[in-house]
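Atoms within a ligand are numbered from 1 in the order they appear, just like the ligands themselves. Position 1 is the first residue of the sequence; numbering continues from there.
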Amino acid sequence: MRGGTLNERRTGPVVCFGEMLLRLSPQGQIPLAQAGSVAIDVGGAEANVAAALASLGTPTRMISVVPDNPLGRKAIAAMGAAGSDTRFIVKKPGRIGLYFFESPAGPIAGRVTYDREGSSFALADPAALPFAKALEGASLLHMSGITPALGPDGVALARAAVAAANAAGVPICFDGNYRANLWDAWDSDPHAILTELMSEATLMIGNHRDISLLLGKTFSGDGPDRRREASEAAFEAFPRLQLIASTARHVETAGTHRIAARIDLRESHWQTDEVRIENIVDRIGTGDAYAAGMLRSWLAGGSAQDMAKSGLALAALKHGVPGDMVLVTEDDLLAFDPAAGDVRR
Ligand SMILES: O=C(O)C(=O)C[C@H](O)[C@H](O)COP(=O)(O)O
């Protein structure tokens, strides 16, 4: 079976493909329109996964495109510092994609404002990307629904990545990562495009809402039953799919959330208890942290319970880390204690 069996150990690198962005965030919860300075962090959903996995000791290779200027070099340096292989990040004239993040503040919702149109990545020629070389000996290609949301060129890039993985016999993990602001900016058909790409995936990251979009169907009821119904429908629609990973989030206040992690397999599923996270520092990148934690365990041949637990731990830890990326050691992950908060000495 392509993608192997679930409890197989995989040691080849994880290849992550997607746009690398700079995130600019006003500090101290000042609204962007009034802010005089910003913090700059390197982000991008797939890069966040590559960096987190690399920090845990999993070999990762990043495929992306950045301009050959200080901004592009900053993005490459961040990946190198995390321990990811940067040899497959192509430099091409143009601009780096940016996004601005205003964090939630009391009654004011957080907001992302994109400024990424026409970036070096978004306009890249798929033929210029080293997919085949990067995928040699790989355990997995990780990609997401953000690339095809960028426009017709993004769709071509995503299709090329899928074709290259298929040619190399490398299984695909596809994170739905639905970004309405990107899809709505052009004459897009996310349902058709995401369904086409997802049908090639062995692992899916997405919840019942992502599955609704893919299948054009809403799921009745509430809670775990609705999630199982959605997963069963997805397994039926996508014969290649072996696993669906999702999280459930309850927002109490801007600074306090409860999250649980869930893994659905064809024959069974596992959902963790909720973890309550107070004093949230930065919620961006927590979905990618979940993906990385879950994949770390998948690579080790872990059970559904192991994958959910390790994904939840890394996602929870990310809430305490500013920026898009969480870099932790295996020991940090194993020592995760939802009730921690004091200083360890
Ligand atoms: O929006 C995009 O295109 C990005 O790639 C920027 C961010 O790095 C990810 O969106 C973080 O994703 P979450 O883990 O779901 O919070």
> Is the cationic atom of Arg262 (NZ for Lys, CZ for Arg) positioned less than 6.0 Å from the six-membered ring centroid of Trp270 and within 45 degrees of its normal?
Replying inline: no
> Nearest to atom 7 (C) of ligand 1, what protein heavy atom do you find, and at what distance?
Replying inline: Asp324 OD2, 3.4 Å
> Does Thr286 use its side chain to pair, donor to acceptor, with the backbone of Arg283 at less than 3.5 Å?
Replying inline: yes
> Could Arg240 and Phe238 be counted as a cation-pi pair, given that NZ or CZ must be under 6.0 Å from the ring centre and within 45° of the axis?
Replying inline: no
> Just wondering, are more than 12 heavy atoms of other shown residues or ligands nearer than 6.0 Å to CD in Glu252?
Replying inline: yes
>> Could you check whether Ser119 and Glu19, counting side-chain N and O atoms only, form a donor-acceptor pair closer than 3.5 Å?
In response: yes
> Which of the numbered atoms in ligand 1 are below 4.0 angstrom from a heavy atom of Ile146?
Replying inline: 2 (C), 3 (O), 5 (O)
>> What protein heavy atom lies closest to atom 1 (O) of ligand 1? Include the residue and the distance to one decimal.
In response: Tyr114 OH, 2.5 Å
> Using heavy atoms and a threshold below 4.0 Å, how should the contact between Leu182 and ligand 1 be classified: side chain, backbone, both, or neither?
Replying inline: neither
> For atom 11 (C) of ligand 1, which protein heavy atom lies nearest, and how many Å away is it?
Replying inline: Asp288 OD2, 3.2 Å
> With atoms numbered from 1 as shown, which atoms in ligand 1 lie under 4.0 angstrom from a non-hydrogen atom of Ile284?
Replying inline: 11 (C), 16 (O)
> Hey, does Arg116 sit under 4.0 Å from ligand 1 if you only count heavy atoms?
Replying inline: yes
> Hey, which of Arg258, His257, Arg249 is the one that makes side chain to side chain donor-acceptor pair (under 3.5 Å) with Glu274?
Replying inline: Arg258
>> Taking atom CZ as the centre, does Arg111 end up with more than 12 heavy-atom neighbours from other residues, nucleotides or ligands that are less than 6.0 angstrom away?
In response: no
>> Looking only at protein heavy atoms, which one is nearest to atom 10 (O) of ligand 1, and what is the separation?
In response: Arg179 NH2, 2.7 Å
> Which of the atoms in ligand 1, numbered in the order shown and given with their element, are less than 4.0 Å from a heavy-atom of Tyr99?
Replying inline: 6 (C), 7 (C), 8 (O)
> With a 4.0 Å cut-off on heavy atoms, does Tyr290 reach ligand 1?
Replying inline: no
> Got the closest protein heavy atom to atom 5 (O) of ligand 1, with its distance?
Replying inline: Ala45 N, 2.8 Å
>> If you count heavy atoms of other groups shown closer than 6.0 angstrom to CG of Asp184, is the number above 12?
In response: yes
> Gly287 heavy atoms, cut-off 4.0 Å: which ligand 1 atoms fall inside?
Replying inline: 13 (P), 14 (O)
> According to the interplanar angle, ranging from 0 to 90°, do the rings of Phe17 and Phe121 count as parallel (below 30°), tilted (30 to 60°) or perpendicular (above 60°)?
Replying inline: tilted
> Which ligand 1 atoms does Gly44 reach within 4.0 Å, using its non-hydrogen atoms?
Replying inline: 5 (O), 8 (O)
> Among protein heavy atoms, which sits nearest to atom 4 (C) of ligand 1, and what does the distance come to when rounded to 0.1 Å?
Replying inline: Leu21 CD1, 3.6 Å
> Quick one: do the Asp264 and Ser231 side chains pair a donor with an acceptor below 3.5 Å?
Replying inline: yes
> Considering only the protein, which heavy-atom contact is closest to atom 16 (O) of ligand 1, and what is its distance?
Replying inline: Gly285 N, 2.8 Å
